[in-house]
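Input: a single structure, listed below in structure tokens.
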Amino acid sequence: IHGIDADDAVQRFAGNRDHFLRALGRFHAAFNGFAVVLEGHVRCGARESITQGLHGLTGTAAMLGARRLASMADDLGQPLRRDPCPPEMP
């Protein structure tokens with residue numbers, strides 16, 4: 001799968017490729033539509049929900065070998081972790 005280092009990720013699942021693929025499916029189910037949810041949190045100013053959602057995305061994506069996605073989610077969450085009320089947020 002483009003953007004996923006599956007060989008590296010499978011090692012996190014003790015080499016069990018089937019377990020990795022099931023986790024990847026759960027990831028898809030859990031984060032499908034996440035951008036829309038995140039946008040809603042931004043509109044409402046729900047900073048804690050934004051921070052928690054991005055943290056979950058970062059960790060799960062990293063565990064599954066989606067390093068670029070994990071890095072991007074982490075980059076989005078960093079300003080909120082440094083300052084819970086940055087001026088660029090509504």
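Computed from a prediction, not measured in an experiment: that's the story for all the values here.
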A side-chain contact here means heavy atoms from C-beta on lying under 4.5 Å apart; do I1 and L24 qualify?
yes
Which residue is it: L64, T60, I4, L57? I am looking for the one with a side-chain contact (heavy atoms from CB on, under 4.5 Å) to L69.
L57
Calculate, to the nearest 0.5 Å, the distance between atoms CZ and CE belonging to R68 and M72 respectively.
5.5 Å
Has T58 got a side-chain atom pairing as donor or acceptor with D74's backbone, closer than 3.5 angstrom?
yes
What heavy-atom pair brings G65 and A9 nearest, and what distance separates the two atoms?
N-CB, 3.8 Å
Donor-acceptor contact below 3.5 Å, side chain T51 vs main chain R47
yes
Can you name the salt bridge (Lys or Arg N to Asp or Glu O under 4.0 Å) partners of D75, sequence neighbours left out?
none
Which residues share a side-chain contact (heavy atoms from CB on, under 4.5 Å) with L38, sequence neighbours left out
F34, I50, L54
Check the pair M63 / F27 against side chain to side chain contact (heavy atoms under 4.5 Å, CB included), numbers first and verdict last.
CA-CA 10 Å; M63 179 183 71; F27 172 77; over 6 Å; no
For H41, does the NE2 atom have more than 12 heavy-atom neighbours from other residues, nucleotides or ligands under 6.0 Å away?
yes
Rounded to the nearest 0.5 angstrom, the CG-CD distance for N16 and Q11 is 11.0 Å
Which atom names give the shortest non-hydrogen contact between A70 and A62, and what distance separates them?
CB-N, 3.6 Å
Hey, could you give me each pair passing salt bridge (Lys or Arg N to Asp or Glu O under 4.0 Å) that has a residue in residues 10-34? Not counting sequence neighbours.
D8-R12
To check you understand the geometry: which heavy-atom pair defines the closest contact between F20 and A6, and what is its length?
CE2-CB, 4.0 Å
